[in-house]
Amino acid sequence: MAMGLNLVGCGNWEHPGSHALFIYVQRGASGNNNPSSKLADEDLELQKLLQELIARYRRKNPKARIHVRSFATEDLGPEMRLRQSSGLGPDLVISDLKVAFELHDQKLTTAIRIPSDKLDDLAASVIGRFEQNGALLSVPFSLQPQIACFNRRRISAPPQSLQQLLELAAKGHRVGLPIQISDLAWTASGLTAAEQPLLLAAIQSDRIPGAQEQAARQALGDWIGWIRMASLQQYVVFADNNDDLYAQFLDGQLDWIPCRSIKAKLLQEKLGSQFGATPLPGRAPNQPAAATVKLMTWSFGHHSSDMQQQLAKDFALFSLNEVNQKELMLKTQSSLPINSQVMVPSKSSQLLAAMEIGLDHGILLDFNRRMLMLNNGEGKLQTLVRQAVLGETVANHFKPTPAKPGRSAKP
């Protein structure tokens with residue numbers, strides 16, 4: 001699918017050194033790009049926002065000729081590899097962090113240097129995660145926290161703790177949960193403050209703690225125990241992917257689900273006054289969950305001329321200024337700004353308020369949090385989660401066996 005501004009044909013036909021800028025855009029996987037999908041508008045929303053951003057940038061730089069192409073997630077890397085083998089390729093790529101990491105890992109994008117004074121308005125806690133040896137591996141563009149979505153017609157008071165979530169299901173309200181570990185990691189917030197980092201470390205490294213790591217094994221056992229307990233509830237449904245959860249929520253088959261903020265806005269548009277948003281529940285009321293925060297980023301191509309790389313930097317920085325970041329937030333209400341000078345109007349929007357709390361308590365991903373960032377469907381801990389949902393794993397497996405007289409305890 002090509003986007004409607006100065007579309008590129010079969011190749012980058014503008015000569016090096018021109019004012020041409022080539023942007024590649026990640027869109028959803030081709031299998032999910034079904035026009036009949038109830039939430040197929042997500043990619044169109046990104047395209048519309050990018051077109052508006054380009055139109056504003058042309059007021060700043062009328063000479064810029066910006067060409068945009070979009071590719072399904074699974075096609076973006078191969079397309080870049082094919083073009084770069086001929087010395088071509090994009091100057092800029094906008095994608096989620098997982099794809100940005102993969103492109104960098106495959107040496108399809110390059111680190112760039114931007115003077116520090118150009119980054120003063122960006123949240124230091126975010127931009128610092130992308131720095132390596134004084135260069136930026138990628139430039140974050142927007143933040144998309146994970147929150148809870150619920151049907152206001154059926155739930156008047158959403159749960160504020162994981163215990164209340166199970167109590168909600170016990171009363172007959174239908175709760176949907178994802179089975180993918182990267183989207184379920186927020187439930188680790190039910191552990192103690194000492195246990196949470198131990199479990200998250202195990203998730204990031206995809207390693208089952210050994211017999212000598214009793215505290216970490218206890219944390220893993222408690223978490224698997226909660227998942228097992230949830231799976232035994234009559235009205236708790238585990239879904240293999242988030243799209244199933246969203247579809248069932250829209251159809252009225254589920255009353256409460258966790259959701260990404262970009263999907264929450266689409267759900268709100270379709271459900272209207274029935275839609276409710278709130279932070280994900282944690283260990284106790286007023287202790288929201290620590291959920292992963294999805295980032296959209298700008299990555300930079302390998303084969304840009306000096307002028308084109310400078311144009312790419314200028315365009316990326318333009319997208320991060322206070323005005324454009326505010327426009328992005330207000331028009332979409334599905335992303336929060338990277339620019340720290342932009343105030344979030346949380347008092348006027350329940351959705352933005354939930355997103356802001358989700359961000360404040362969230363786990364920001366970066367190029368080092370590999371296991372949380374990469375949806376490893378074949379990992380050891382992902383297998384444990386699936387087994388727990390299917391009733392094949394019990395929490396006691398990770399707890400020490402009580403010692404018998406004359407014998408030491410065994411793991």
Item to complete: May I ask you to test the D91-L311 pair for a side-chain heavy-atom distance under 4.5 Å?
Response: no
Practice prompt. Verify side chain to side chain contact (heavy atoms under 4.5 Å, CB included) between L177 and I227, making sure each step is shown before the conclusion.
Written response: CA-CA 10 Å; L177 293 173; I227 293 172; over 6 Å; no
Worksheet item: Which heavy atom in A148 sits nearest to a heavy atom in C259, and how many Å separate them?
Response: C-SG, 4.3 Å
Worksheet entry | W298-S319 side chain donor-acceptor pair, cut-off 3.5 Å | yes
Discussion item. Whether the side chain of Q146 engages the backbone of D183 through a donor-acceptor N/O pair (distance < 3.5 Å, no angle test) should be reported.
Written reply: yes
Item to complete: State plainly whether the residues E167 and K171 are in salt-bridge range, i.e. N to O under 4.0 Å.
Response: no
Item to complete: State, yes or no, whether a side-chain contact exists between T297 and F130 at a heavy-atom distance under 4.5 Å.
Response: yes
Fill in: Main-chain N/O of N339 paired with D121 side-chain donor or acceptor, under 3.5 Å
no
Worksheet item: Between R113 (side chain) and G134 (backbone), is there a donor-acceptor pair under 3.5 Å?
Response: yes
Worksheet entry | Salt-bridge contact E195-R283 (side-chain N to carboxylate O under 4.0 Å) | no
Discussion item. Between I66 and F315, is the side chain to side chain contact (heavy atoms under 4.5 Å, CB included) condition met? List the steps.
Written reply: CA-CA 10 Å; I66 301 175; F315 184 83; 3.9 Å; yes
Worksheet item: Are the side chains of T278 and Q160 in touch, meaning some heavy atoms are under 4.5 Å apart?
Response: no
Fill in: Heavy-atom side-chain proximity of K118 to K313 below 4.5 angstrom
no
Worksheet item: Can S299 and T109 be counted as having a side-chain donor-acceptor contact under 3.5 angstrom?
Response: no
Worksheet entry | Beyond-backbone contact of F300 with L92, side-chain heavy atoms, under 4.5 angstrom | yes
Worksheet item: So, the side chain of D222 versus the backbone of A219: is there a donor-acceptor pair under 3.5 Å, distance only?
Response: no
Worksheet item: Can you name the side-chain contact (heavy atoms from CB on, under 4.5 Å) partners of A239, sequence neighbours left out?
Response: D244, L245
Item to complete: Go through the steps for F71 and V25 under the test side chain to side chain contact (heavy atoms under 4.5 Å, CB included), then give the verdict.
Response: CA-CA 6 Å; F71 298 93; V25 181; over 6 Å; no
Worksheet item: Pairs in or reaching into residues 196-218: which pass ring pair (Phe, Tyr, Trp, His ring centres under 6.0 Å), with residues at least two apart or in two chains?
Response: none
Practice prompt. Check S304 against G301 and note the closest heavy-atom contact, atom names and distance.
Written response: OG-O, 4.0 Å
Worksheet item: Can you tell me if R260 and N242 form a side-chain donor-acceptor pair at under 3.5 Å?
Response: no
Fill in: Gap between atom NE2 of H173 and atom CG of L165 - 0.5 Å precision
11.5 Å
Worksheet item: Are any side-chain N or O atoms of D240 and backbone N or O atoms of I179, one a donor and one an acceptor, separated by less than 3.5 Å?
Response: no
Worksheet item: Should the heavy atoms of other residues, nucleotides or ligands under 6.0 Å from CG of N286 be counted, would the total exceed 12?
Response: no
Worksheet item: Is the shortest distance from a Lys or Arg side-chain nitrogen in R27 or D75 to a carboxylate oxygen in the other one below 4.0 Å?
Response: no
Worksheet item: Does P209 offer a backbone N or O that forms a donor-acceptor pair with the side chain of R217 under 3.5 Å?
Response: yes
Worksheet item: Looking at side-chain heavy atoms only, is the closest gap between Q350 and R152 below 4.5 Å?
Response: yes
Worksheet item: With no hydrogens and no angle check, do the side chains of Q310 and D306 hold a donor and an acceptor under 3.5 Å apart?
Response: no
Worksheet item: Does Q51 use its side chain to pair, donor to acceptor, with the backbone of K48 at less than 3.5 Å?
Response: no
Worksheet item: Side chain of Q274, backbone of R153: donor and acceptor closer than 3.5 Å?
Response: no
Discussion item. Is it the case that atom NZ in K107 sees more than 12 heavy atoms from other parts of the structure closer than 6.0 Å?
Written reply: no
Item to complete: Please check if any side-chain donor atom of Y57 sits under 3.5 Å from a side-chain acceptor atom of N324, or the reverse.
Response: no
Practice prompt. Indicate yes or no for a side-chain donor-acceptor contact from Q333 to the backbone of K265 under 3.5 Å, with no hydrogens or angles considered.
Written response: no
Discussion item. With heavy-atom distances below 4.5 Å as the criterion, would you say the side chains of K60 and D314 are in contact?
Written reply: yes
Worksheet item: Under a 4.5 Å cut-off applied to non-hydrogen side-chain atoms, are Q387 and L384 in contact?
Response: yes
Worksheet item: Taking it one step at a time, do V139 and I112 satisfy side chain to side chain contact (heavy atoms under 4.5 Å, CB included)?
Response: CA-CA 9 Å; V139 176; I112 50 99; 4.3 Å; yes
Discussion item. If I compare all heavy atoms of A264 with all of F275, which pair ends up nearest, and what's the gap?
Written reply: O-CZ, 3.5 Å
Let me check something: any side-chain donor-acceptor pairs from residues 230-238 under 3.5 Å, sequence neighbours excluded? List them with distances.
residue	atom	partner	partner atom	Å
S231	OG	R228	O	2.7

Worksheet item: If you look at every heavy atom in Q26 and V99, which pair is closest and at what distance?
Response: NE2-CG2, 3.5 Å
Item to complete: May I ask you to decide whether K98 forms a salt bridge with E102, counting only side-chain N to carboxylate O separations under 4.0 Å?
Response: yes
Worksheet item: Under 3.5 Å, is there a donor-acceptor pair between the side chain of D255 and the main chain of R174?
Response: yes
